[in-house]
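Report on the structure given below.
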Amino acid sequence: MAEVLKSVGFGLTRVLVMVVVFLNVVLVRGYIHRHTFVTEATPVTRLCKRHNIITVNGLFPGPTLHVRNGDTLIVQVYNRAKYNVTIHWHGVRQFRTGWSDGPEFITQCPIRPGGSYTYKFTITGQEGTLWWHAHSSWLRATVYGALIIYPRIGTFYPFTTPHRETIILLGEWWNRNPIDVVNQATRTGAAPNVSDAFLINGQPGDLYPCSRRDTFFTSIYNGETQMLRIVNAALNTELFFTIANHKMTVVAVDAGYTKPFRTKYVMLGPGQTTDVIIRGSRSRRGSYYMAARAYSSAQGVPFDNTTTTAILRYATQRTPPVMPILPPYNDTRTATYFSRGLRSLGDREHPVFVPKTVSENLFFTVGLGLLNCPRNRRCGGPNGTRFAASMNNFSFVLPSSSSILQAHYFRQNGVFTTDFPDNPPVRFDYTAQNVSRSLWSPVKATKVKVLKFNTAVQVILQGTNIFAAENHPIHLHGYDFYIVGEGFGNYNPRTDPQNFNLIDPPQRNTVAVPVNGWAAIRFVADNPGAWLMHCHLDVHITWGLAMVFLVENGPSYWTSIEPPPRDLPRC
Ligand SMILES: *[C@@H]1O[C@H](CO)[C@@H](O)[C@H](O)[C@H]1NC(C)=O
Ligand SMILES: *[C@@H]1O[C@H](CO)[C@@H](O)[C@H](O)[C@H]1NC(C)=O
Ligand SMILES: *[C@@H]1O[C@H](CO)[C@@H](O)[C@H](O)[C@H]1NC(C)=O
Ligand SMILES: *[C@@H]1O[C@H](CO)[C@@H](O)[C@H](O)[C@H]1NC(C)=O
Ligand SMILES: *[C@@H]1O[C@H](CO)[C@@H](O)[C@H](O)[C@H]1NC(C)=O
Ligand SMILES: *[C@@H]1O[C@H](CO)[C@@H](O)[C@H](O)[C@H]1NC(C)=O
Ligand SMILES: *[C@@H]1O[C@H](CO)[C@@H](O)[C@H](O)[C@H]1NC(C)=O
Ligand SMILES: [Cu+2]
């Protein structure tokens, strides 16, 4: 009897211990996911031609990572490609783990051909769809994949769990090596060639030559709900997305839940994600195209005017799919209707923490420019100039001898200066039709803005009408921010704040700043490190549309950046 009681007691203790361990691992620390990424040249055939592209593990698009909020990812990257590479975990907060953020020469030196580096980070308080991509030259044209973050075990979506989930990765394709495309542009100073196709999950779709056989499709049953996790992984193009005869209900953007918002069109800037739910009609049959094409807001600037499609298919019917009507390429009204319809969910489990007052009030112009060519050489840009882009008139130059974070941590001088201005050096009518030519040429520099730990920051991102006004998708690393307002024309500091949404503004990591307009973002600088803020059109970051926030450590170990990993690449 005693034996039996003892063994029952022992069994109970063991079960209790296991439960405690389980709770600790799963609820508190989360699972640890280990992955190996090998970057290498891989042959693929698109648009009737065979190409070698750089992939991860031979896959295009790259592997999808599935994790839960609270989990840790350890990804060892081996670079077997002939280019420097780094991987960025787009939208992941990287709290205290800036060494794993990835942008080359910002938080690390590149992983050279033959080298390797291990990224290690924990997902904290983010749920929904993010993605990963190369952050070195234009490699992200083909080196990207989805990062799906489910709720913690024991917690659920704040909406009825859909019957099915489908990833929709929107991509951009050149019939050339994208590195050759950007290198040619950098050499000549001209705008890089526009792409030849857009892709859905790596496939151009039925409207392009030699592509019909591989068009991506997803099934849907009558009455079924399906979540589409849409990612704009395109390099240089903002995209409209729609589905024939099906309305979408937006439930999350950039891994943050939103109030349900029904819409026919979604607009995504590169870097942005949108989770939508669609419902299969009870009676419908046949097939319907999902389609994406450019939202190109800059007047008179060439763009890729093609349309990518995938198929939404009921049962096994193989009727020709119904084509939706897409907005015109310059339909700013539709883009604005969409961005202004987004609200944070803001329920008890997902509260909104938008700073009500701010102590750093920053005003950054974002836009293009033209530089004269050196030594009276004639460049390939307009009238023999070369293209540039800037924030507050500084055209960001990547360091090459070290990364900003390494230089900061190891106190190396001469890599950057800390005088990035809080305001544009010259005030002018930013959105006028006739911005004086004397203002068109920015200055090349590597400047950062230092922020004290825990500062409440507001940045007004003001588009300019230099060369061409354009909607710029501005992405901030290391943070999610609230978009408290946006508008057209010049920001008015007296009247515009009266209309800010400080109740339930959308929270994102990338804001599409309206063409010839502005956007106001707020965040609390609680994550120490070197955080790039840049236009996510790679053509613009190549021209210098970027800056860096250097956020100082807080008062304790837990508010300071972790020490650098031992395998951190050196320059
Ligand atoms: C860019 O386009 C021009 C004109 O079509 C072509 O001559 C050139 O080879 C292209 N460059 C690249 C790198 O694709
Ligand atoms: C884009 O292509 C469509 C046909 O698909 C054509 O009607 C339209 O004129 C083109 N627009 C531009 C700006 O090239
Ligand atoms: C869009 O472009 C077309 C020509 O391609 C032009 O007729 C129309 O006015 C433009 N619409 C807007 C809103 O700019
Ligand atoms: C190029 O020069 C011509 C003639 O001087 C001028 O009309 C045009 O505006 C210039 N274009 C740019 C982009 O500077
Ligand atoms: C631009 O045009 C406006 C209105 O025509 C004029 O008042 C202003 O002086 C012009 N600015 C420049 C820099 O030419
Ligand atoms: C940018 O700086 C250059 C060099 O000082 C100057 O010529 C230009 O007018 C400035 N432009 C703006 C928009 O501040
Ligand atoms: C690769 O990275 C190293 C620094 O680690 C740098 O010196 C070199 O210029 C880079 N190569 C290219 C092609 O950018
Ligand atoms: Cu841009």
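Both backbone and side-chain heavy atoms feed into the values below; hydrogens, waters and symmetry mates do not. All ligand and atom numbering here is 1-based and tracks the order in the structure.
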Report task. Check whether any heavy atom of Ser400 sits under 4.0 Å from an atom of ligand 7. Result ->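 Distance cut 4.0 Å: Ser400 fails for ligand 7.
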Query raised in the report: Around atom OH of Tyr78, are there more than 12 heavy atoms of other residues, nucleotides or ligands at under 6.0 Å?
Result: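 No, not enclosed.
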Query raised in the report: Would you say Gln299 has more than 12 foreign heavy atoms packed within less than 6.0 Å of its CD?
Result: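 No, the 6.0 Å shell around CD holds no more than 12 heavy atoms from other groups.
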Report task. Would you please test His90 and His536 for ring pair (Phe, Tyr, Trp, His ring centres under 6.0 Å) and show each step? Result -> CA-CA 11 Å; His90 184 108; His536 217 283; 4.8 Å; yes
Shortest non-hydrogen contact between [X] and [Y], atoms and distance:
| X | Y | value |
| --- | --- | --- |
| Val182 | Ser137 | CG1-OG, 3.7 Å |
| Gln272 | Ala512 | NE2-N, 3.7 Å |
| Trp99 | Glu562 | NE1-O, 2.8 Å |

Report task. Sort out for me which residue in Tyr295, Phe303, Phe240 forms a ring-ring contact (aromatic ring centres under 6.0 Å, His included) with Tyr329. Result ->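 Between Tyr329 and the candidates, ring-ring contact (aromatic ring centres under 6.0 Å, His included) is satisfied uniquely by Phe303.
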Query raised in the report: Are Pro424 and ligand 6 in contact, using a heavy-atom cut-off of under 4.0 Å?
Result: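 It does not, in that no heavy atom of Pro424 comes within the 4.0 Å cut-off of ligand 6.
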**Report entry** Residue-ligand contact Ser438/ligand 6, heavy atom below 4.0 Å
**Finding:**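 Yes, Ser438 has a heavy atom closer than 4.0 Å to ligand 6.
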Requested in this report: For Val426, take its heavy atoms, then give the atoms of ligand 6 lying under 4.0 Å from any of them.
Outcome: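 Selected atoms, number and element: 14 (O).
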Report task. For Ser441, take its heavy atoms, then give the atoms of ligand 6 lying under 4.0 Å from any of them. Result ->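 Answer, ordered by atom number: 1 (C), 2 (O), 3 (C), 8 (C).
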Requested in this report: Could you point out which residue of His88, Gln94, His135 forms a side-chain hydrogen bond (donor to acceptor under 3.5 Å, both in side chains) with Asp101?
Outcome: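 The side-chain hydrogen bond (donor to acceptor under 3.5 Å, both in side chains) with Asp101 is passed solely by His88 among His88, Gln94, His135.
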**Report entry** Close residues, ligand 4: non-hydrogen atom nearer than 4.0 Å
**Finding:**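 Lining ligand 4: Pro382, Asn383, Arg437.
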Query raised in the report: Short N/O distance, under 3.5 Å, between Leu439 and ligand 6?
Result: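 Yes; the residue has a nitrogen or oxygen that sits under 3.5 Å from a nitrogen or oxygen of the ligand.
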**Report entry** Set of ring pair (Phe, Tyr, Trp, His ring centres under 6.0 Å) partners for Phe364, sequence neighbours left out
**Finding:**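 By the ring pair (Phe, Tyr, Trp, His ring centres under 6.0 Å) rule, Phe364 matches Phe420.
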